[in-house]
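Small disclaimer: the values here were computed from a predicted structure and weren't measured.
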Amino acid sequence: MRSRLILILLPLLFLTGCQAVQTTQGGAVGVDRKQYMFGGLSSAEVDQMAAQSYAKQLAEARSKGVLNTDKAMLNRLRRISGHLIPQVSYFRPEASNWKWEVNLIKSDQINASAAPGGKILFYSGIITQLKLSDAEIAQIMGHEIAHALREHGREAISRAYTSQMGTQIAGALLGLGEGSMQVADAAVQYGLMLPNSRSNETEADLIGMELAARAGYAPEAAVSLWQKMAAASQGAPPEFLSTHPSNSGRIETLRATIPRVQPLYNASTKH
């Protein structure tokens with residue numbers, strides 16, 4: 001009974017100290033989920049933290065001699081970003097004025113990111129190991145840009161703060177011992193944190209696909225990209241316990257979304 005009360009109380013506790021925000025417009029893909037951010041954490045503060053972390057990554061890579069060493073690949077990334085970034089105004093007009101950067105680290109890692117404020121970072125391994133086309137790179141870059149536009153990082157920090165506060169309050173209210181507090185922590189992790197993390201990934205997939213389509217990159221590349229990802233990540237955890245959608249579920253969602261953005265791609269290629 002107590003664990004049930006915790007599950008009922010935690011969503012209410014999460015809202016304590018948070019405010020609903022509208023980070024982006026829904027776009028053709030219809031991403032319109034309400035987001036709740038901790039009121040004591042501003043976008044500017046998260047942008048500053050992200051910029052500091054990004055600068056540290058670049059400095060470490062530079063010291064190791066692996067920053068922007070492949071000029072052809074770097075120019076390729078910057079050319080693609082030059083097509084994608086103008087499209088952000090369809091979701092978040094002020095993002096057009098962010099101080100966008102694109103950098104490349106020589107590494108076998110299959111990874112890429114876009115920090116709040118427009119700091120894009122690719123690892124060469126994701127391009128070379130997956131043998132990505134420009135359209136597939138655009139899907140990844142659009143996906144990472146979408147995370148930044150939607151402020152998923154700020155949302156995650158907000159959730160981490162308020163969920164920690166929530167378990168403490170729940171324990172105080174219900175007189176939980178150490179064992180029951182572990183139940184509360186598990187409820188936070190699996191009942192609040194992970195499903196929304198998967199939701200964030202799906203949002204980034206859909207917005208990224210629309211950004212790429214508007215920029216003139218074929219939507220079908222999103223499907224081929226994640227087919228390549230699936231081949232490179234055999235043995236991934238089941239969807240229920242993963243912070244990312246399963247590859248099969250992800251591909252199905254993307255394939256179903258293609259008709260929504262196909263007209264945008266068709267219009268972009270006529271110019």
Side-chain angles (χ1 to χ4, degrees), residues 46-92 94-149 152-153 201 204-205 207-233 264-265 268-269 271:
V46 174
D47 289 356
Q48 183 178 11
M49 287 189 289
Q52 290 173 347
S53 176
Y54 186 77
K56 182 179 179 181
Q57 285 179 287
L58 297 187
E60 290 177 352
R62 187 179 293 110
S63 68
K64 296 176 182 177
V66 294
L67 179 65
N68 296 334
T69 56
D70 187 331
K71 296 301 181 183
M73 187 179 292
L74 177 64
N75 289 337
R76 186 183 180 196
L77 291 172
R78 289 180 174 173
R79 174 173 50 80
I80 294 169
S81 72
H83 295 149
L84 284 173
I85 292 169
Q87 314 309 319
V88 301
S89 60
Y90 288 99
F91 288 94
R92 188 168 180 163
E94 73 272 18
S96 298
N97 298 320
W98 287 357
K99 295 180 179 179
W100 293 91
E101 290 185 41
V102 180
N103 288 286
L104 172 68
I105 291 178
K106 183 179 180 181
S107 168
D108 290 336
Q109 287 188 49
I110 299 178
N111 200 10
S113 65
K119 311 302 184 187
I120 299 171
L121 184 62
F122 266 69
Y123 292 81
S124 60
I126 198 169
I127 299 171
T128 58
Q129 293 192 45
L130 300 184
K131 297 179 173 60
L132 298 182
S133 66
D134 283 6
E136 289 166 342
I137 291 174
Q139 295 295 335
I140 292 176
M141 193 176 293
H143 173 100
E144 298 303 332
I145 288 172
H147 278 310
L149 297 177
H152 284 153
E201 285 296 309
D205 281 349
I207 291 176
M209 177 186 271
E210 181 169 339
L211 290 172
R214 290 183 180 276
Y217 295 100
E220 291 83 0
V223 173
S224 62
L225 165 67
W226 287 103
Q227 288 171 336
K228 290 181 178 181
M229 286 285 194
S233 61
L264 301 175
Y265 169 69
S268 72
T269 57
H271 296 161

Pairwise side-chain contact, [X] with [Y], heavy-atom cut-off 4.5 Å (strictly under):
X	Y	result
Met229	Ile126	yes
Gln57	Asn103	no
Val88	Trp98	no

What is the minimum heavy-atom distance between [X] and [Y], and which atoms define it?
X	Y	answer
Met141	Leu77	CE-O, 3.6 Å
Leu121	Tyr54	CB-CE1, 3.9 Å
Leu211	Gly142	CD1-O, 3.8 Å
Ala213	Ser268	O-OG, 3.2 Å
Ala138	Leu84	O-CD1, 3.6 Å
Tyr123	Gln109	CB-O, 3.5 Å

Under 3.5 Å: donor-acceptor pair, side chain of [X], backbone of [Y]:
X	Y	value
Ser124	Leu104	no
Ser63	Glu60	yes
Lys228	Lys131	yes
Gln139	Ala212	no

Under 3.5 Å, is there a donor on one side chain and an acceptor on the other for Glu201 and His143?
yes

Residues Lys99 and Glu101 bridged, charged N to O under 4.0 Å
no

Are the charged groups of Arg214 and Glu210 less than 4.0 angstrom apart, N to O?
yes

